[in-house]
Amino acid sequence: MKDVSATPFRLGWEEWVGLPALGLPALKAKVDTGARTSALHAFDIEPFGPVNAPKVRFAIHPVPGRHDLTIPCSARIVDRREVISSNGEMEYRYVIRSEIEIGPRRWPVEITLTDRGAMAYRMLIGRQALAEGVTVSPTESFLQPERGYEVYSSAAMKTQAPPRTLRIAVLSREGGAYSTRRLVAEGEARGHVVEVLDTTRCYLAINALEPAVHYDGQRLPRFDAVVPRIGVSVTAYGAAVLRQFEAAGTFVVNPSDGILASRDKLMAHQVLARHRVPMPVTAIASSPKDTDNLIGLVGQAPLVVKLLESTQGKGVVLAETRKAAQSVISAFRGLKADFLVQQFVKEAGGEDIRALVIGGRIAAAMRRVAAPGEFRSNLHQGGRAEPVKLTRAEREVALRAARAFRLGLAGVDMLRSAEGPKVLEVNSSPGFEGVEAASNRNVAAILFEEIERRVRPAPARRLKD
Ligand code: ADP
């Protein structure tokens, strides 16, 4: 920074200015020595974050008349102050501090935030912001170089927008779970505000104009991103909550339809097949008359029979012989439980591979090895996690499987079969603990990089008029 008091620096009564830390490289400002404080005309001004380090976020249309161009900003609150506005009214305003750029100079100023409708100048520069050596000529305009509005083109914003504090919700019923704790810790370490919302405590106002989510007697604010970690027991309701966020235009890491399709084992197998993702031969039937034909479709025993409701390997049975398969199937039918029959991939040898896909890339992977005498490698069945290097085919299959459900975060479980990788399942709420430990990767950080990439800089939002 240059010493602003060294040489005289002249300003006209209107000047082009930049507030680079807020992502506002060009604004037309009015220099008003009659006013003490500087002001930024913003809207949707909303405090957030922890009480000991409060922040404020707001939006601004930097280009007068261009209501389709909205820049979301956030900053630390340095004060809250009474300000008498130009029309003589007293308002309480949040005060932030940011560097201002005019011509070749740059210095920190205090700025109050006010929402007073469409003012011709988005920024007002008051006396306080005029450093020593700055003189104002009230009869001249634009004595300092112009900054064009083309800096707001989406290409320019992609490369130049500064990091912005994001407000992120984690939808989870388990605030204490490892993955949730990691998301909160990592998000906060990156300067974001991460709030954990119990999915089942969210309630919804369903209407066309203003889809809202309420919580604990209050309407939830707009979040920049939602990370759904929806448990199997609340899939349908969790998806409804998520749809509400989607309807409000919030970026969701995993969309509700992808979560629903991947959770429904029957649909998931069909979706994977349609996307040419290799799977073990799988068959299902509804009528008991078709049991033998069903077994015939899959091939010889041994076979795997799986309850569709199964998680953590609890409803997965290995039937060593055809007779055993028939008895398991008839037992499941007796319980009116839905199931599928699958070819047993013996050569997997009680091991499966989990690839964690984040934003269309492999973020981490692990190999799960079943306990002795067990063919299921789930960690809940005593399996252990180990590091693994994925083959090229495994990487491709995992990416394709995640893409089939449009999941931004997916755990893809595969078996290493003689014919290459075969996908068993795509999990939309994969745990971080085993895979972070086995791969030595910071999965939570990789997820935030993806969220930041998708949400910052925010694309121009179209206003609904
Ligand atoms: P769940 O959703 O209950 O975890 P999975 O389909 O993932 O059920 O199966 C649990 C475990 O059982 C897998 O991780 C894998 O180790 C083993 N397994 C499942 N299907 C097969 C199969 N067709 N062949 C060999 N092993 C299998």
Side-chain angles (χ1 to χ4, degrees), residues 230-233 235 259-273 277-284 294-295 297-322 324-325 328-329 332 335 337-357 365-386 388 390 394 397-398 401-402 405 407 410-431 433-435 438:
I230 293 167
V232 176
S233 58
T235 302
I259 294 175
L260 288 174
S262 62
R263 280 272 157 88
D264 173 341
K265 279 196 202 248
L266 290 188
M267 199 197 290
H269 281 86
Q270 291 172 320
V271 170
L272 290 171
V277 173
M279 293 172 288
V281 178
T282 304
I284 57 149
L294 193 62
I295 296 174
L297 274 183
V298 175
Q300 302 289 327
L303 296 170
V304 176
V305 186
K306 290 184 191 178
L307 281 180
L308 295 189
E309 296 316 39
S310 172
T311 57
Q312 306 173 349
K314 283 180 208 144
V316 180
V317 181
L318 174 61
E320 304 270 6
T321 61
R322 188 180 183 91
V328 173
I329 291 172
F332 282 172
L335 295 168
D338 291 320
F339 61 91
L340 57 79
V341 181
Q342 202 167 58
Q343 160 205 12
F344 177 54
V345 181
K346 187 156 184 272
E347 62 276 22
E351 277 186 27
D352 79 352
I353 308 287
R354 160 151 302 184
L356 209 79
V357 179
M366 66 175 162
R367 186 167 68 109
R368 289 177 299 201
V369 186
E374 173 62 69
F375 79 103
R376 297 166 299 178
S377 52
N378 304 69
L379 303 182
H380 287 94
Q381 300 298 337
R384 58 173 206 280
E386 294 198 342
V388 71
L390 298 184
E394 286 160 356
V397 164
F405 300 103
L407 296 178
V412 181
D413 294 343
M414 295 173 280
L415 294 176
R416 286 185 158 162
S417 84
E419 296 113 64
K422 299 222 160 145
V423 171
L424 285 181
E425 194 182 18
V426 179
N427 191 322
S428 61
S429 296
E433 190 163 16
V435 77

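Because only heavy atoms are used, hydrogens play no part in the values below, and waters and symmetry mates are left out as well, while side chains stay in. Predicted, not measured: the structure shown is a model, and the values here were computed from it. Just follow the structure's listing: the first ligand is 1, and inside any ligand the first atom is 1.
- Looking at Lys265 against ligand 1, only its side chain comes within 4.0 Å, counting heavy atoms.
- Close approach of ligand 1 to Lys306 (heavy-atom distance below 4.0 Å) involves ligand atoms 5 (P), 6 (O), 19 (C), 20 (N).
- Contact annotation: for Gln343 versus ligand 1, heavy atoms closer than 4.0 Å belong to the backbone alone.
- Taking all heavy atoms of Thr282, Thr311, Val316 into account, the minimum distance to atom 8 (O) of ligand 1 is reached by Val316.
- The part of Gln312 lying near ligand 1 is the backbone, judged by heavy-atom distances below 4.0 Å.
- The closest protein non-hydrogen atom to atom 4 (O) of ligand 1 is Asn378 ND2, 2.8 Å.
- In summary, the atoms of ligand 1 found under 4.0 Å from a heavy atom of Gln342, numbered by their order in the structure, are 20 (N), 23 (N).
- Counting non-hydrogen atoms of neighbouring residues, nucleotides and ligands closer than 6.0 angstrom, the CD atom of Glu309 reaches no more than 12 such neighbours.
- In terms of protein heavy-atom proximity, atom 22 (C) of ligand 1 is nearest to Leu415 CD1, 3.6 Å.
- Looking only at heavy atoms of the protein, atom 3 (O) of ligand 1 is closest to Ser310 OG, 2.5 Å.
- Among all protein heavy atoms, the one lying closest to atom 7 (O) of ligand 1 is Glu425 OE1, 3.6 Å.
- In terms of heavy atoms, Thr282 sits closest to His269 at OG1-CD2, 3.8 Å.
- Polar contact with ligand 1: present for Ser377 (N/O pair, distance under 3.5 Å).
- In this structure, the protein non-hydrogen atom closest to atom 15 (C) of ligand 1 is Leu424 CD1, 3.8 Å.
- In this structure a side-chain-to-backbone donor-acceptor pair under 3.5 Å is present from Glu374 to Arg376.
- Of all non-hydrogen atoms in Ala401 and Val426, the two that sit nearest each other are CB-CG2, 3.9 Å.
- An N or O contact shorter than 3.5 Å is missing between Asp413 and ligand 1 by distance.
- The two residues Ile230 and Thr235 have their closest heavy-atom pair at CG2-CA, 3.9 Å.
- Distance from atom 17 (C) of ligand 1 to its nearest protein heavy atom, with residue and atom name: Phe375 O, 3.8 Å.
- Below 3.5 Å of separation, one finds an N or O of Gly313 facing an N or O of ligand 1.
- Listed here is the closest heavy atom pair of Met414 and Pro421: SD-CB, 4.0 Å.
- In this structure, atom 12 (O) of ligand 1 lies nearest to the protein heavy atom Arg376 CG, 3.4 Å.
- Using a 4.5 Å cut-off on side-chain heavy atoms (C-beta onward), Val316 and Asn378 make no contact.
- When heavy-atom distances to ligand 1 are checked against a 4.0 Å cut-off, Val304 comes that close only through its side chain, counted from C-beta outward.
- Classification of the Phe375-Phe344 ring pair by plane angle, with boundaries at 30° and 60°, yields perpendicular.
- For ligand 1, the polar-atom distance check against Asp352 finds a nitrogen or oxygen pair separated by under 3.5 Å.
- The two residues Ser429 and Arg263 come nearest to each other via the heavy atoms OG-NH2, 3.7 Å.
- Within a 6.0 Å sphere centred on CD of Gln300, heavy atoms belonging to other residues, nucleotides or ligands number 12 at most.
- Contact record, Leu407 with Ile259: CD2-N, 4.1 Å, taken as the closest heavy-atom pair.
- Protein heavy atom closest to atom 24 (N) of ligand 1, with residue, atom name and distance, is Val345 N, 2.9 Å.
- Among residues two or more places apart in sequence or in another chain, the side chain to side chain donor-acceptor pair (under 3.5 Å) test is passed with Lys265 by none.
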